[in-house]
> 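Following this message is one structure expressed as structure tokens.
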Amino acid sequence: MSIPESKEPGSAPSPRSFAIAHQRPRNSFVGCSRITDYEVLGKLGEGTFGEVHRAKSKKTGALVALKKIIMHNEKDGFPITALREIKLLKLLSHKNVLSLEDMAVEHPARSSDKRKKPIMYMVTPYMDHDLSGLLDNPSVHFTEPQIKCYMLQLLEGLKYLHENRILHRDMKAANLLINNKGILQIADFGLARHYEGEVPKPGRGGGEGRRDYTSLVVTRWYRPPELLMHLKRYTTAIDMWGVGCVFGEMLVGKPILAGESDGHQLEIIFELCGTPTDENMPGWRSLPGAEALQPRPRIGNLSQRFRDYGPGAVSLLKELLKLDWRSRINAIDALKHPYFSTAPLPARPHELPSFEESHELDRRKFHDRRAALPPAPKGGTVGRGPHDGPNASFSGDGFANRNGVNGGRYPRNSRGPEDRVPAWHRDRGLPPRPPPPADGDHPDGYRDGRGGGRPRGGGGGGGRQDVDTYIPSYDRDGPRRDDRRPPPPRRDDRDVRRHDWGDRRRDYDDRSRNSRTRSRSRSPIRDWDRDRERDRDRDRDRDRDRDRDRDRDTYRR
Ligand SMILES: Nc1ncnc2c1ncn2[C@@H]1O[C@H](COP(=O)(O)OP(=O)(O)OP(=O)(O)O)[C@@H](O)[C@H]1O
């Protein structure tokens, strides 16, 4: 696949020439089948669009995933986010990018309500796991060669996307699918869009952005600092930050930057990567979201927190989690990073073990199993050791050594048996998932919500003011959180376990929105968060309308 030449070097092709250049072989996309061509086998997950089911093609016998596209508001027609995803997936063809093989339609029964519209399903190859589900599986332990193998595939997939001017804009572990042949594929293009800037060049990071896009993208835990500070002229570097978060997550076994609000997210980023300065993030002061920021100067503790994973991992992580988006490593250079050529070398996909299926909904199964298991004897190989307290599963570094490398129980050079934690005790938040906007479908990058704008998950709380925060949350309706204990009384980045996140999240957000009922916190970032909340909401509404119009123009041209 090649990118059409433009007159001006590095200038973006028109969406039409882009589409022409990206045509896939005709036989790689069936078109429109009927749902009866598939035998539905069971639910795999619930996405923002609707449910994802495992199914078998009656014609070929192949296992597939059917993603149901729910029309929340029928008078709005087919959701534009789904159209975007379908359009992009139809164009893309790479071994590390999930392919769209077919669309299936389910017609309402003849006798039923005449106003009922047909239901559309996206048909993709069935993948045995998503990375988040796999990390949640207590019997799975990633080795270093395995992590390197997944990282290489992720970077290859992203290099392909960026070279072809696609921004994914929702990089996270739950959107990385893995099969039992060791193949990783980037999925979920609901927020992806055509990028109009220069493609990344070796040794030149992400470069400079060329035009503005909405900054209200990327699930918060994976959202880079420049987006949190509302940079609109962003680049492919936003996806590279997400790769850094996913890399850290594979090393420690759980999300590494689990912020509870946008302000808190910045706070924990600064704690890990250092506070922004004119040297490490030139121009940060002039970003709209930085005006009132007065972070306490810190140098960052990334090296210390990840020292157990070796200098190669620390070095790559530092490159991926650079505050300066212009010099943040790009996928081309990351693939050549010495981490991948230093022993232990990356495994090849076919050398990786196969695991029992791990999807979003399987987490319930893992949690139940975890709850059912008896505690291990103290001090044993997987026992909780002498520090058998509420924080026993967390290392002094602030990260649980859940699926750490080298056998997974604890990372290299860990300090001893107190670091060892029984698998079922290694609690972990479910993957972040964006809340729906209250007003349905957003062509500017928001996804449509479920149930006519009903808030989904605990995070959003509903209402327009929530649309900026792509809030990680559990599904409040699901029984899978039942085995979680109440939240600890104070927020602490060092204790990143999330219990009943949904309720905590909403409480926090509700509180932070109602400034009259709050006392001031000691954190300047949180104060800023609170004081600026209403102004930002107003600005966002205005910006979003402008972005939406602009994006509409781009996509409909
Ligand atoms: N091809 C597939 N094979 C196996 N499982 C899949 C496949 N596609 C999706 N899933 C499962 O369904 C879940 C939701 O899918 P997806 O992320 O595409 O939907 P979404 O509506 O964008 O979800 P979200 O809002 O959580 O990002 C995934 O996390 C994964 O567990």
Side-chain angles (χ1 to χ4, degrees), residues 38 40-57 62-72 79 81-86 88-89 96-102 104 120-137 168-181 183-192 217-222 242 246 355-366 429-437 441-442 445-451 455-457 459-460 470-475 478 480:
Y38 295 91
V40 180
L41 302 172
K43 208 196 238 185
L44 290 169
E46 281 175 354
T48 312
F49 289 127
E51 299 152 2
V52 182
H53 290 272
R54 191 158 75 115
K56 191 172 173 179
S57 163
L63 278 181
V64 296
L66 299 175
K67 185 161 159 178
K68 185 178 185 175
I69 298 165
I70 293 185
M71 302 219 218
H72 300 292
T81 45
L83 277 178
R84 266 189 177 184
E85 181 163 18
I86 294 162
L88 278 174
L89 281 179
N96 300 119
V97 174
L98 188 70
S99 62
L100 180 67
E101 293 189 337
D102 192 9
M120 298 295 299
Y121 294 84
M122 292 166 63
V123 185
T124 56
Y126 173 72
M127 302 291 280
D128 303 277
H129 324 278
D130 63 66
L131 180 61
S132 179
L134 205 53
L135 285 167
D136 222 30
N137 182 338
H168 185 275
R169 306 202 297 185
D170 200 11
M171 195 47 59
K172 59 177 174 179
N175 287 339
L176 301 177
L177 303 179
I178 293 173
N179 68 16
N180 272 338
K181 291 180 180 149
I183 301 295
L184 176 147
Q185 295 189 326
I186 301 172
D188 195 354
F189 285 73
L191 280 184
V217 288
V218 188
T219 302
R220 183 193 295 136
W221 295 351
Y222 302 82
V246 167
F355 309 103
E356 84 181 293
E357 291 167 86
S358 322
H359 291 106
E360 206 181 11
L361 290 188
D362 295 313
R363 281 184 202 108
R364 192 189 314 175
K365 183 173 74 194
F366 299 137
L430 286 179
R433 176 191 281 162
D441 196 24
H442 285 261
Y446 292 111
R447 303 185 208 199
D448 48 323
R450 241 185 352 192
R456 175 165 181 229
Y470 248 14
I471 297 165
S473 64
Y474 291 125
D475 187 337
R480 67 188 90 146

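In listed order, ligands and their atoms are each counted from 1.
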> If I apply the N/O under 3.5 Å rule, does Asp170 come out as touching ligand 1?
no
> Looking only at N/O atoms, are Met127 and ligand 1 under 3.5 Å apart anywhere?
yes
> Any donor-acceptor pair under 3.5 Å linking the side chain of His53 with the backbone of Val64?
no
> Any chance you could measure Leu184, atom CG, to Leu176, atom CG, to the nearest 0.5 Å?
5.0 Å
> With respect to Phe189, which candidate in Val97, Asp170, Thr81, Ile86 satisfies the side chain to side chain contact (heavy atoms under 4.5 Å, CB included) definition?
Val97
> Has the side chain of Asp102 got a donor or acceptor atom that lies under 3.5 Å from a matching backbone atom of Val123?
no
> Which heavy atom of Tyr38 sits nearest to which heavy atom of Ser57, and what is that distance?
CD2-CA, 3.7 Å
> Quick one: does ligand 1 sit under 4.0 Å from the side chain of Lys172, the backbone, both or neither, non-hydrogen atoms only?
side chain
> Would you kindly specify which portion of Arg54 sits under 4.0 Å from ligand 1, judged on non-hydrogen atoms: side chain, backbone, both or neither?
neither
> For Tyr126 and ligand 1, does the shortest N/O to N/O distance drop below 3.5 Å?
no
> Report the member of His129, Lys43, Lys68, Lys67 with the shortest heavy-atom distance to atom 16 (P) of ligand 1.
Lys67
> Can you list the atoms of ligand 1 that are under 4.0 Å from a heavy atom of Ala65?
1 (N), 2 (C), 3 (N), 7 (C)
> Using a plain distance cutoff, I'd like to know if Ala174 has any nitrogen or oxygen under 3.5 Å from a nitrogen or oxygen of ligand 1.
yes
> Check whether any heavy atom of Gly190 sits under 4.0 Å from an atom of ligand 1.
no
> With only distance considered, is Leu177 within less than 3.5 Å of ligand 1 through an N or O on each side?
no
> Mark up the atoms of ligand 1 that fall under 4.0 Å of a heavy atom belonging to Asn175, in ascending order.
17 (O), 27 (O)
> Stepwise, does the side-chain contact (heavy atoms from CB on, under 4.5 Å) test hold for Thr219 with Asn175?
CA-CA 11 Å; Thr219 302; Asn175 287 339; 5.9 Å; no
> Check whether any side-chain heavy atom of Val218 sits under 4.5 Å from a side-chain heavy atom of Lys172, and report yes or no.
no
> Would you check, one step at a time, whether the test side-chain contact (heavy atoms from CB on, under 4.5 Å) holds for Leu66 with Glu51?
CA-CA 8 Å; Leu66 299 175; Glu51 299 152 2; over 6 Å; no
> Provide the number and element of each atom of ligand 1 under 4.0 Å from a heavy atom of Leu44.
4 (C), 5 (N)
> Considering only heavy atoms, does Ala187 approach ligand 1 within less than 4.0 Å through its side chain, its backbone, both, or neither?
neither
> Might you work through the side-chain contact (heavy atoms from CB on, under 4.5 Å) test for Thr124 and Gln185, ending with a clear yes or no?
CA-CA 11 Å; Thr124 56; Gln185 295 189 326; over 6 Å; no
> With a heavy-atom distance limit of 4.0 Å, tell me whether Asp128 approaches ligand 1 through its side chain, its backbone, both, or neither.
neither
